[in-house]
Amino acid sequence: MSERPAFYITTPIYYVNDVPHIGHAYTTLACDVLARFKRLDGYDVMFLTGTDEHGQKVEKSAEKAGVPPQEFCDRVSARFGELAEAMDFSNDQFIRTTETRHRVSVQHLWKVLEDKGFIYEDSYAGWYSVRDEAFYSEDELSDGEGGEKLAPSGATVEWVEEPSYFFRLSAMQDKLLALYEDQPEFVKPKSRLNEVRSFVSGGLQDLSISRTSFSWGVPVPGADGHIMYVWIDALANYLTAVGYPDEGSDAYSAFWPADVHMIGKDILRFHAVYWPAFLLAADLPLPDRVFAHGWWTNEGQKISKSLGNVIDPFELIESYGLDAVRFYLLREVPFGNDGDFSRTSFVQRCNADLANGIGNLNNRTLGLIVKNCNGAVPKPNDFTKEDNELLSSIDNLIEDVRAHMDNQAFHKAFETIWQQASAADSYISVQEPWKLKKTDPERMITVLYVLAEVIRQLAILIQPIMPDAADKLLNGLGIGDQERSYEYLGADYRLKPGTTISKPGVIFPRLEMPVTEGTSE
RNA sequence: GGCGAAGUAGCUCAGUUGGUUAGAGCACCGGAAUCAUAAUCCGGGUGUCGGGGGUUCAAGUCCCUCCUUCGCUACCA
């Protein structure tokens, strides 16, 4: 085991009844950036993602596709693996709930909960619509012409009862409220904590956690015909991945409890209420934080399959390049808020910050060095006040960036970094090295050195969000693979004079604005 | 209906415990420069801080009220 501090971050496991879309890419990207940041910052990181593969919908979809459920899962799960590859995600594991290790883990967790008295058998009853495959509560129903009950969809419903095991969620209310009180950052953003608190304050009903009406799931130990129903099965993946039920394993002792469960706001309750309730009941340590991010709209429209405006991450990468896609998604919108995806804002953002910003800064600086310093990093003379101001602000930048990253405030972290790129542009305009070439070549050398050093640190800092572009920038400055962690930020590892510099290529291509469509609707 | 959040520049948003002429980025306009992917730099605000009332020497910031928008209000994930 290493001496480094551990950091465990998870995405939700994605349901294989769906194909990968921008929402999946977004959640996992946020985790990827944080995971990469933490690795560079000296942490031993476990970054987990995967797929949720059980349930009636999967069973039905497989049937429809004419393949066994497992084969269906293999097929769809692979698509999420392809997304991870296309997005250059650095996950350490890809868990699937159909794996044996997960069955063992979740059955063990079940038994623990049962032994501690949190599980009991009863029957689950309600108004069920066969057509909608869903239960409805009494107040959602309306009366049909023949006196029968109708669902909001207009489908007829019938009263059904099936035996089911229940989890005593109702017994956890006080403990949960105490959790939100004692650990107010357990749920972020804060508005989500308010929602959760108000939900729990209103009282909790016990949770039905098994089914007998279908069979694609983890069998309930010692209860023939029962399979586990979604929550315990799905959420327990976070434990499985680090070795549970072997609480003495290296992975478990290093990584549990998780530091951040990253989720979309749609599954907040399950992570902020059910999950800690299960863990409290099982006497297991609780994760530090559940972060619920917002949703994307597409050009102002709500995204839905029926509207046909789903954003395909593969297509985006194809159109704009991976660096731009990764950057835009986490820079454009305050993380936690909903955001609107638009081609115009995409192109504007990427051109302004990437092509015209860091890309241009790199190009003009290295271009001047190649032309005027024999293609090598020059040896600087004494730094002036202006030089020291620029250098010291970038030497200390990691402090602010780290604080923002620890709050999952990605947009602020990047804003902080880009402010320095902007400061470097101001600096180069004031110093005018292209004029110094004739008037004071020694001074020119120092100015170009300062600029190149700023680029070195900027490139190190942006590795988490744009690993590929950062790699190109660092290669351009001759920075070796072993000199790219955050240890190498600051004044102690300044750029080495003499390093060969060649004419820079275009790292951030300028994107074309989308053709404006006619104003007619 | 109940609970909660929010309404600040054309757009997206910052505005600590109330305290000098309300800020940033983008967009826009003007000027400069020409090393660079025609990129960059400097300057420029045109805001009834949702409406109304109140507390205060002083309110975007506190109180009341009204309007608008959004979220949550349990077993699809």
Side-chain angles (χ1 to χ4, degrees), chain A residues 12-18 51-58 60 124 126 132-137 139 164 166-167 169 189-211 229-231 233-234 263-270 273-274 292 294-295 331-334 337-340 342 344-345 348-349 351-372 411-412 415 418-419 421-437 444 447-448 451 503-511:
Chain A
I13 44 175
Y14 302 119
Y15 202 47
V16 293
N17 203 42
D18 205 354
T51 42
D52 179 12
E53 309 191 355
H54 290 132
Q56 188 167 28
K57 283 193 177 178
V58 173
K60 287 256 170 72
Y124 181 64
D132 299 346
E133 292 174 29
F135 280 90
Y136 294 99
S137 67
D139 54 355
S164 170
F166 283 80
F167 172 76
L169 186 64
K190 198 177 173 196
S191 55
R192 300 294 168 198
L193 178 67
N194 292 344
E195 285 179 16
V196 168
R197 190 190 276 129
S198 111
F199 174 79
V200 174
S201 300
L204 296 168
Q205 298 170 17
D206 289 346
L207 208 58
S208 168
I209 52 171
S210 79
R211 285 289 185 276
Y229 184 57
V230 58
W231 311 121
D233 178 11
I263 60 167
K265 63 182 183 179
D266 51 325
I267 51 173
L268 175 63
R269 185 194 310 143
F270 316 126
V273 181
Y274 300 174
W295 281 8
R331 175 63 187 88
E332 182 67 9
V333 175
N337 291 9
D338 286 348
D340 181 46
S342 86
T344 302
S345 73
Q348 262 173 11
R349 168 65 69 186
N351 283 349
D353 288 356
L354 303 182
N356 301 351
I358 285 185
N360 185 231
L361 177 67
N362 182 62
N363 241 34
R364 63 202 307 209
T365 301
L366 297 205
L368 286 166
I369 290 177
V370 167
K371 213 181 296 177
N372 303 312
H411 61 296
K412 287 188 185 171
E415 183 182 24
W418 260 262
Q419 275 168 1
S422 173
D425 268 331
S426 295
Y427 170 87
I428 197 171
S429 294
V430 171
Q431 302 299 329
E432 300 183 299
W434 49 91
K435 281 188 181 168
L436 292 170
K437 180 181 178 181
M444 173 197 73
V447 167
L448 293 179
L451 286 163
K503 195 169 181 297
V506 171
I507 295 174
F508 301 105
R510 170 169 307 282
L511 304 175

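Sequence lines set the chain letters: A, B, ... in the order given, protein chains first and strands last, and positions in each chain run from 1.
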Asker: With a 4.0 Å cut-off on N to O distance, would you call A/Lys57 and A/Asp18 a salt bridge?
Answerer: no
Asker: Starting at the 5' end of nucleotides 33-40 of chain B, put B wherever the base has a protein heavy atom under 4.0 Å, S where only the sugar-phosphate does, and a dash everywhere else.
Answerer: -SBBB-SS
Asker: Grab the stems for RNA chain B, please: at least three consecutive Watson-Crick or wobble pairs, both distances below 3.5 Å, written as range with range.
Answerer: B:1-7 with B:67-73, B:10-13 with B:23-26, B:28-32 with B:40-44, B:50-54 with B:62-66
Asker: Using a 4.0 Å heavy-atom cut-off, does A/Val230 contact any base of the nucleic acid, only the sugar-phosphate backbone, or nothing at all?
Answerer: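 Answer is sugar-phosphate: A/Val230 comes under 4.0 Å of backbone atoms only.
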Asker: Determine the contact category for A/Tyr14: base if any of its heavy atoms lies under 4.0 Å from a base atom, sugar-phosphate if only primed atoms, P, OP1 or OP2 are that close, otherwise nothing.
Answerer: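 Nothing: the residue A/Tyr14, judged by heavy atoms under 4.0 Å, touches no strand.
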Asker: Describe the nucleic acid contact of A/Leu204 in one word from base, sugar-phosphate, nothing, applying a heavy-atom distance below 4.0 Å.
Answerer: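 A/Leu204: base contact, heavy atoms under 4.0 Å.
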Asker: Describe the nucleic acid contact of A/Leu169 in one word from base, sugar-phosphate, nothing, applying a heavy-atom distance below 4.0 Å.
Answerer: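 Base, at least one base heavy atom under 4.0 Å.
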Asker: Residues two or more places apart in sequence or in another chain: which of them pass salt bridge (charged side-chain N to carboxylate O under 4.0 Å, His left out) with A/Glu415?
Answerer: none
Asker: Please give the distance between the P atoms of B/A32 and B/C70 as a whole number of Å.
Answerer: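 Those two atoms are separated by 49 Å.
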Asker: Quick check on RNA chain B: between A/Asp353 and A/Ile267, whose nearest nucleotide comes earlier from the 5' end?
Answerer: A/Asp353
Asker: Which is true for A/Asp52 with a 4.0 Å heavy-atom rule: it touches a base, it touches only sugar-phosphate, or it touches nothing?
Answerer: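 Here A/Asp52 touches the backbone only, sparing every base.
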Asker: Check every strand shown and say whether A/Arg192 touches a base, only sugar-phosphate, or nothing at a heavy-atom separation below 4.0 Å.
Answerer: sugar-phosphate
Asker: Applying salt bridge (charged side-chain N to carboxylate O under 4.0 Å, His left out), name anything that partners A/Lys435, two or more places apart in sequence or on another chain.
Answerer: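 So A/Lys435 forms a salt bridge (charged side-chain N to carboxylate O under 4.0 Å, His left out) with A/Glu432.
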Asker: Applying a 4.0 Å non-hydrogen cut-off, can you work out what A/Phe199 is touching in the nucleic acid: base, sugar-phosphate, or nothing?
Answerer: base
Asker: Report the residues that fulfil ring-ring contact (aromatic ring centres under 6.0 Å, His included) with A/Tyr427, sequence neighbours left out, ordered by chain and then residue number.
Answerer: none
Asker: Tell me what A/Gln205 touches on the nucleic acid: a base, only sugar-phosphate, or nothing, going by heavy atoms under 4.0 Å.
Answerer: base
Asker: Which side-chain N or O atoms in residues 196-209 of chain A pair as donor and acceptor under 3.5 Å with protein atoms at least two apart or in another chain?
Answerer:
unit_1	atom_1	unit_2	atom_2	d
A/Ser201	OG	A/Arg197	O	2.7
A/Asp206	OD1	A/Leu169	N	3.2
A/Asp206	OD1	A/Ser170	N	3.0
A/Asp206	OD1	A/Ser170	OG	2.6
A/Asp206	OD2	A/Tyr120	OH	2.6
A/Ser208	OG	A/Ser164	OG	2.8
A/Ser208	OG	A/Arg211	NH1	2.7

